[in-house]
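Data first, discussion second: the structure below is written as structure tokens.
Numbered from 1 within each chain, the chains take letters A, B, ... in sequence-line order.
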2 protein chains.
Amino acid sequence: MLNNNINLVAILKEYGIKPSIQRIEILEFLIENRIHPNIEAIYSILVEKMPTLSKATVYNTLDLFAKNGLTNRLFIEANEVRYDIRTDRHGHFKCEKCKIIHDVEIYNLDTEINKNDYKGMIYAEEINYRGLCEACAK
Amino acid sequence: MLNNNINLVAILKEYGIKPSIQRIEILEFLIENRIHPNIEAIYSILVEKMPTLSKATVYNTLDLFAKNGLTNRLFIEANEVRYDIRTDRHGHFKCEKCKIIHDVEIYNLDTEINKNDYKGMIYAEEINYRGLCEACAK
DNA sequence: CTCGCAATTTAGAATAATTATAATACTATT
DNA sequence: AATAGTATTATAATTATTCTAAATTGCGAG
Ligand SMILES: [Mn+2]
Ligand SMILES: [Mn+2]
Ligand SMILES: [Zn+2]
Ligand SMILES: [Zn+2]
């Protein structure tokens, strides 16, 4: 636990983020709960450990994490941003029955925009599916 | 214009949508303005022609269009849904400077979820990029 | 160690998109 | 024309997010 905390601090520093209690706790939550949570999911759990936690802090922290490349923001559904600590290239699948957002491996993606000779700049790429997962489809 | 209207009515019927003045006007707007508009963009233009138009009608109509497969909903940015009358498989690129959402052709996409042996059901696929377009990147 | 300052956090108000509700208007049928 | 069913409207309610200003924290200089 102490070890773990040192580790979390190191991750934050690596991304140029000054560690605070709140930032450490939020990072720990994201690492241990890889459920692509929204703000409410993060806040409602953490506020039990830290009763003075403000929702604004959760917003501020996740904006900071995203700006510094520590997390990604997912727009897989309307009216709600999801957050992902996994930042290597992968897509998502949201099951409309069980509501779980699954990671999806991308083996090959070839578009006019991700070609080598594309002259613009790409900041972000997002591949999302919606449907029924294997378990729910039966 | 009269001819065009007959055409719009035919499109609506083809998708099982009862044609009303509002639905015809909204469909016409989408066909003639392929800018992936949000609700506000559609409403603010059409309310000038139809002063009694309600924003709720724009929401209702676009929900209906989407449910019947006449349009797609795009979640390319937080807190705002965009609508697209083009429904064949393609992706999008949003330039963060000029704000334009460009269509992107997909030549090849290969993931664990769109393979033939995937046992779940896929209702929707969305491929989004964000960055700077060629013009703005210079 | 303690003071001062800048960064961070907090609580709550403000904003913006969307959804819900209930009344009104339209359309097709008898 | 009366009826029933559907669509539209105006507005209220809800929800996610951003803004603001005050309070708190924690680090570094003295
Ligand atoms: Mn993921
Ligand atoms: Mn498009
Ligand atoms: Zn499922
Ligand atoms: Zn541009």
Study note, to complete from the structure: side chain to side chain contact (heavy atoms under 4.5 Å, CB included) filter on B:E14, not counting sequence neighbours, yields none
Check your understanding: Separation of A:N68 atom CG from C:dT8 atom P, in whole Å?
Key -> 11 Å
Review point. Quick one: does B:L53's side chain get under 4.5 Å of B:E25's, heavy atoms only?
Key: no
Check your understanding: Could you give all pairs that pass the ring-ring contact (aromatic ring centres under 6.0 Å, His included) test and reach residues 55-77 of chain B, with sequence neighbours left out?
Key -> none
Check your understanding: Going 5' to 3' along nucleotides 6-22 of chain D, which nucleotides have protein heavy atoms under 4.0 Å from the base (write B), which only from the sugar-phosphate (write S), and which from neither (write -)?
Key -> SSSBB-----SBBB---
Study note, to complete from the structure: In whole angstroms, the gap separating P of C:dG12 from OH of A:Y43 amounts to 11 Å
Check your understanding: Atom CD of A:E25 to atom P of C:dT10: distance rounded to whole Å?
Key -> 12 Å
Revision key, fill the gap. Applied to residues 21-41 of chain A, the ring-ring contact (aromatic ring centres under 6.0 Å, His included) test, sequence neighbours excluded, yields A:H36-A:H92
Point to revise | Side chain proximity check, A:I85 to A:L70, heavy atoms < 4.5 angstrom | key: yes
Where do N or O atoms of nucleotides 22-25 of chain C meet protein N or O atoms at under 3.5 Å, pair by pair?
none

Check your understanding: Just wondering, do A:I45 and A:N33 contact through their side chains at under 4.5 Å, heavy atoms?
Key -> no
Practice item. Starting from A:Y129, walk the hydrophobic network (Ile, Leu, Val, Met, Phe, Trp, Tyr; side-chain heavy atoms closer than 4.5 Å) and list everyone else you reach, by chain and number. Key: A:F93, A:V104, A:I106, A:L109, A:I113, A:Y118, A:I122, A:I127, B:F93, B:V104, B:I106, B:L109, B:I113, B:Y118, B:I122, B:I127, B:Y129
Practice item. Find out whether B:V81 and B:I39 are in side-chain contact, i.e. whether some heavy atom of one side chain is under 4.5 Å from a heavy atom of the other. Key: no
